[in-house]
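Residues: numbered from 1 along the sequence shown. One-based numbering, in listed order, for ligands and for the atoms of each.
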Amino acid sequence: MQENYNPKDIEKKAQDYWYSNKVFKATKDTSKKKFYCLSMFPYPSGNLHIGHVRNYTISDVLARYHRMLGENVLHPIGWDAFGLPAENAAIENNLSPKEWTVSNINNMRHQLMLLGFSYDWDREISTCSEDYYKWEQWFFIELLEKNLVYKKKSLVNWDPIDKTVLANEQVIDGKGWRSGAEVEKKNISQWFLKTTSYANELLVDLKELKGLWPENVITMQKNWIGESNGAELSFKTSVNESINVFTTRPDTLFGVTFIGIAADHSLIKNCSEEIKKYCKKSLITNNDLKTLDKKEIDGIFTGLYGFHPITEAEIPIWIANYVLPGYGTGAVMGVPAHDQRDNNFAKKFNINIIRVIDNDENKDVYVGKGKLINSFNFNGMNSLSASKSIIKHIENAKLGKAVKNFKLRDWGISRQRYWGCPIPIIYREDGQILPVDKSELPIKLPEDIDFSKTGNHLENHPTWKYTKCSKTGLNAVRETDTLDTFFESSWYQSRFCSPNENNKMIGDEANYWLPVDIYIGGIEHAVLHLLYARFFHKLLRDQGLLFSNEPFKSLITQGMVLKDGSKMSKSKGNTVDPDDLIKKYGADTVRLFVIFAAPVENSLEWSDHGVEGSYKFLNKLWSAAYNIKNNINKSVKVKDHNEKKLKILVNKAIVKITSDYGDRISLNTVVSTCMELLNNINSYTSSASVSNKVIYDAYKILILLLAPITPHICQEIALSLKISDSIIDEEWPIADNSLMKDDIMIIVVQVNGKVRKKIEINSDAKQKYIEDYVISLSEIKKYTKDKGIKKIIYIKEKLVNIVTE
Ligand code: ANZ
């Protein structure tokens, strides 16, 4: 064993051993408890950033810990490889997105290996490979046959920088999630997945995740799905068509003074040209749930009237820009006395206001519940029972019904981009829109693309889209939209279970491994990816491929890595390069620092000083091993009591650290406990009062406890000290319960805050006994004799402080 810690050599040696022997290969084994540990797979941008390093270190530590517990661990990695950056790079440098992506993957794979992550590399998948996306095309066709995919012309969110459509989930505060550009509206034909048909289940199953997922993620999903209970009511109109409105407040029915409809409502066909023109314009600038509140309220009278379903009073119908086309029925009953937006609208256009809910506060708009007034037979009822009675009345008259609505929209999956999975559809010359015959899959992306041209490169390709219908021989053109890349990341966790399966999208092994036991990733995916993945899991279950309801049993959202209080990013120029760090300090230091610097779910403030500190600790750990190895035959004067004390410290560390890795997932405190233990081992070593055997045993435990976090140094030390040939295969230490509490405790005795003596006393001794004993000691009396004792402060099992007058 060398005297100095040399991470470069020992890390290479350990990694060569792990990777060439494929020690992390996972195979199904029903005799063992399985543990599937997964980090959100990376986009192959070219280089790992420190956020990746943090994310992947956390999962690696947990995977290694569970392996030492004797569990059968699956810990895979792959590449979320379709997407815009590859295409943009291709356009900038006129090279192929595939080559760009593959070379980035090669670089990042190398970086991951340098960090010593315990992946089963035989399971690596890349979503841009035909073997992967072929199954998406297959599944798309299956879903089409089940009516879970459809095409419709719709107003879409258009990202003017990335020049593509965005799903609602991908519009954040009115801006594109990737480009940050102000999102525009466009009316184009799109493919949709019927997310809404699973809205209720996606909501209800959140209960299964309670306590296992962070509460804020559950809340965000709940809000996004947005359950709303109310009623649909039908108003007859002055033209031969009724309007249905959705309301959550049927109790306010007698306060309706106008009907508001969205600018795409079917009734508009009965209106004048001027109004139609107004609607067209309004549609382009409106229709976004999130920016709605910030928009100036506006509208126009249609010239049409509706009739109240009970009183039959005439009610004007207005087009109102705050009524969303896609929500409920796209029409509201305007109750200006009890709804703020209706009130703003009524005031702007001088519409009547009728109060129907009594309230003491005499507010202009009272949105709360209360007793009904001005409401005929329903007067005097409270809101809840009035709502029920009014719904009943309306149902009997066949003018409406109770309904549940969800804010969740169907998922628009068409993207007008080249670097994605081609949608397997043909448009036949006779007008039929048909899925490709499954035997023709995969529909491959062409590689001969001229990136000097702008626009959709699939659309512009000279030959790719021209084909024939395989059944009829009729001419056809291919769909040139590709799938949203969130499609790929929605099911990769299932594909990892049998990545080389040729005959099925998901092999049977998935039902052994799934659900993922711990999933780790960023909070930014709280609704987007995590909702899509849950939805897909249910689709695949209903396809008969999966047996479970949810893909991810527990979820950890790790915090961001900050530097000087702000997010590390290329644009801010405050990044640190993992490669440089590994070169300078070795992978173990980097791993140790990212684990030690903060609890996993908190943000981590980068500190060069902290990295140095981690490096110093590993040097100290190494030196301790070196000393133990070289002092093994040195003689010591054993004090039984000290030996027992060290054994107790070790046992306590085992208990604490096991719970930290396990239930608590408090990894930073694993490190601090290990640091304390090393200090204790070192001080007992230098006291020469503990046998070499006991020191060795204590140190061996320390190495086992640290091995998941800093596996290379622990492996090398384990070899040198003959602890183990392969530390990853060692069993997790178990505490000896008979050695958890010392029978003697050491108490520091102070007089007026000054330490005057240390006493050893039976650990069962009670406070009163200890205090009396301490006062009776002559060495203490010396300091107290002339003065009275004002008070005695006792800190349990640690200290007595006598305060004199
Ligand atoms: C009458 C009323 C009276 C309403 C009142 C509220 C308070 P949530 O909870 O978000 O589902 N609404 C219905 N469809 C709408 C649409 N397409 N665009 C904009 N607003 C719409 O909200 C449901 C309420 O939002 C409904 O209940 C309706 O206004 C409005 F004192 O009906 B309410």
Identify which of Asn343, Asn405, Asp339 has a heavy atom lying nearest to atom 7 (C) of ligand 1.
Asp339

Do Arg355 and Asn359 make a side-chain contact, defined as non-hydrogen atoms from C-beta onward lying under 4.5 Å apart?
yes

For ligand 1, which atoms have a heavy atom of His338 less than 4.0 angstrom away?
5 (C), 7 (C), 31 (F)

Distance alone, cut at 3.5 Å: any donor-acceptor contact between the side chains of Glu459 and Thr480?
yes

Do you see a donor-acceptor pair shorter than 3.5 Å between the side chains of Arg541 and Asn549?
yes

Run the numbers for me: atoms of ligand 1, each under 4.0 Å from some heavy atom of Arg341, listed by number.
20 (N)

Is the closest side-chain donor-acceptor distance between Gln543 and Glu142 under 3.5 Å?
yes

If we number the atoms of ligand 1 from 1 as shown, the ones under 4.0 Å from a heavy atom of Val323 are 16 (C), 17 (N), 18 (N), 19 (C)

Would you please say whether a donor-acceptor pair under 3.5 Å links the side chains of Asp205 and Tyr198?
no

State whether a side-chain donor-acceptor pair under 3.5 Å links Trp491 with Glu136.
yes

Just jot down the ligand 1 atoms closer than 4.0 angstrom to any heavy atom of Tyr322, in number order.
18 (N), 19 (C)

Residue portion contacting ligand 1 (non-hydrogen atoms closer than 4.0 Å) for Thr248:
both

Return yes or no for this condition: an N or O of Leu324 is under 3.5 Å from an N or O of ligand 1.
yes

Considering both backbone and side-chain atoms of Ser228, is one of its nitrogen or oxygen atoms within less than 3.5 Å of a nitrogen or oxygen in ligand 1?
yes

N/O of Thr247 under 3.5 Å from N/O of ligand 1, yes or no?
yes

When you look for heavy atoms under 4.0 Å from ligand 1, do you find them on the side chain of Thr252, its backbone, both, or neither?
side chain

Find all atoms of ligand 1 within a distance of less than 4.0 Å from any non-hydrogen atom belonging to Val332, and give their numbers and elements.
12 (N), 13 (C), 14 (N), 15 (C), 20 (N), 21 (C), 30 (C)

Within the 4.0 Å heavy-atom shell around Lys407, which atoms of ligand 1 are there?
8 (P), 10 (O), 11 (O)

Arg249 N/O under 3.5 Å from ligand 1 N/O:
no

On the 0 to 90° scale, with breaks at 30° and 60°, tag the Tyr322-Phe345 ring pair as parallel, tilted or perpendicular.
perpendicular

Any side-chain to backbone donor/acceptor pair from Thr302 onto Ile317? Under 3.5 Å, distance only.
yes

Using a 4.0 Å heavy-atom cut-off, which part of Val335 comes near ligand 1: side chain, backbone, both, or neither?
side chain

Check the orientation of Phe536 and Phe487. Use parallel for under 30°, tilted for 30 to 60°, and perpendicular for over 60°.
perpendicular

